[in-house]
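First listed ligand is number 1; within each ligand, the first listed atom is number 1. If you read the sequence from its start, that first residue is 1, and numbering goes on from there.
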Amino acid sequence: MESLFNQLLAEAKAVHDAVPALRDFAVWPEDLVFEPPVPRGVPVLPTIEAMSGDGALQAALAAVGRYASWVQTYSEEEVGRHFLDHYGYIELFGPTGIFRTQACRAFVGYWGPGLFYPMHDHEAEEIYLVLTGRCLFEAEGDAPADLGPGGIKLHRSGQSHAMTMGDEGMLALCLWRGVGLAEDAKLS
Ligand code: ZN
């Protein structure tokens with residue numbers, strides 16, 4: 001099982017190393033320690049597993065799907081049942097990640113077709129890389145950005161941002177750095 005997570009980590013590192021904006025955002029942590037996750041599923045997991053043909057990272061993600069601890073940080077009162085049935089993410093590395101580090105944080109997350117992720121914010125700085133699908137990113141003070149695979153969006157510390165998913169939804173790699181690393185995003 002650990003080897004499957006190591007494979008996912010290696011594929012995420014290959015993406016990081018190939019994308020200058022990600023390399024500039026954060027150095028890949030050298031102090032990662034595997035912390036075996038307690039498996040926790042989400043309703044959208046089969047959809048994520050079905051993306052295994054989209055690329056090496058997606059295939060590695062599908063392989064760990066059933067062993068990973070999938071996270072949802074919002075309640076039904078905040079975002080509604082439809083949202084909770086169509087989103088989920090894993091913390092690949094970070095303060096509470098599958099691989100532990102205090103240096104920075106990496107998530108792989110999926111949001112389903114047409115989903116609207118309302119304005120939210122967090123103190124940590126953030127960069128998104130779209131892996132599969134499309135998303136319209138709207139952030140306070142920025143021009144809206146409709147991004148497909150390879151698209152990059154940065155969010156400053158405390159900058160409110162919202163996301164509207166395209167027809168396929170969006171799978172994304174997301175990195176956090178700086179102050180507030182261990183906190184959750186909050187609806188603005
Ligand atoms: Zn964010």
Side-chain angles (χ1 to χ4, degrees), residues 8 12 15-16 19-29 42 44 48 57-58 61 68-80 82-166 168-188:
L8 175 60
V15 169
H16 170 269
V19 178
L22 297 186
R23 290 204 308 271
D24 292 345
F25 184 84
V27 173
W28 195 259
V42 281
V44 79
I48 297 170
L57 193 154
Q58 289 90 335
L61 182 66
S69 191
W70 291 88
V71 185
Q72 297 185 325
T73 51
Y74 295 109
S75 66
E76 186 171 349
E77 289 68 32
E78 287 175 302
V79 294
H82 180 81
F83 193 97
L84 296 184
D85 284 345
H86 295 85
Y87 109 103
Y89 70 86
I90 60 168
E91 182 181 348
L92 180 59
F93 61 71
T96 55
I98 295 164
F99 295 89
R100 295 290 163 91
T101 179
Q102 303 296 325
C104 55
R105 208 170 181 192
F107 308 98
V108 182
Y110 176 76
W111 294 263
L115 219 62
F116 175 62
Y117 185 173
M119 280 288 178
H120 59 284
D121 62 82
H122 39 79
E123 193 172 12
E125 297 175 297
E126 173 176 70
I127 188 167
Y128 270 93
L129 170 70
V130 179
L131 296 169
T132 292
R134 289 198 79 80
C135 176
L136 174 67
F137 289 87
E138 295 175 283
E140 204 173 54
D142 293 352
D146 181 18
L147 301 175
I152 290 282
K153 183 72 181 83
L154 276 155
H155 297 128
R156 298 184 300 277
S157 176
Q159 183 182 21
S160 290
H161 47 285
M163 293 139 68
T164 306
M165 310 310 147
E168 302 169 72
M170 175 182 70
L171 184 74
L173 175 65
C174 177
L175 300 179
W176 280 22
R177 70 179 181 192
V179 177
L181 199 63
E183 295 166 14
D184 291 331
K186 298 271 185 289
L187 297 182
S188 302

Count of N, O or S atoms belonging to protein, less than 2.8 Å from the Zn ion (ligand 1):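 For the Zn ion (ligand 1), the figure is 4.
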
Taking the six-membered ring for Trp, are His155 and His120 ring centroids under 6.0 Å apart? no

Please check: side-chain N/O of [X] versus main-chain N/O of [Y], any donor-acceptor pairing under 3.5 Å?
X: His86; Y: His82; result: yes
X: Arg134; Y: Asp146; result: yes
X: Glu91; Y: Thr96; result: yes

Nearest 0.5 Å, please: how far is CG in Leu8 from CZ in Phe93? 10.5 Å

Please, which pairs that meet salt bridge (Lys or Arg N to Asp or Glu O under 4.0 Å) have at least one residue in residues 114-130, sequence neighbours excluded?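 Sorted result for residues 114-130: Glu125-Arg177.
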
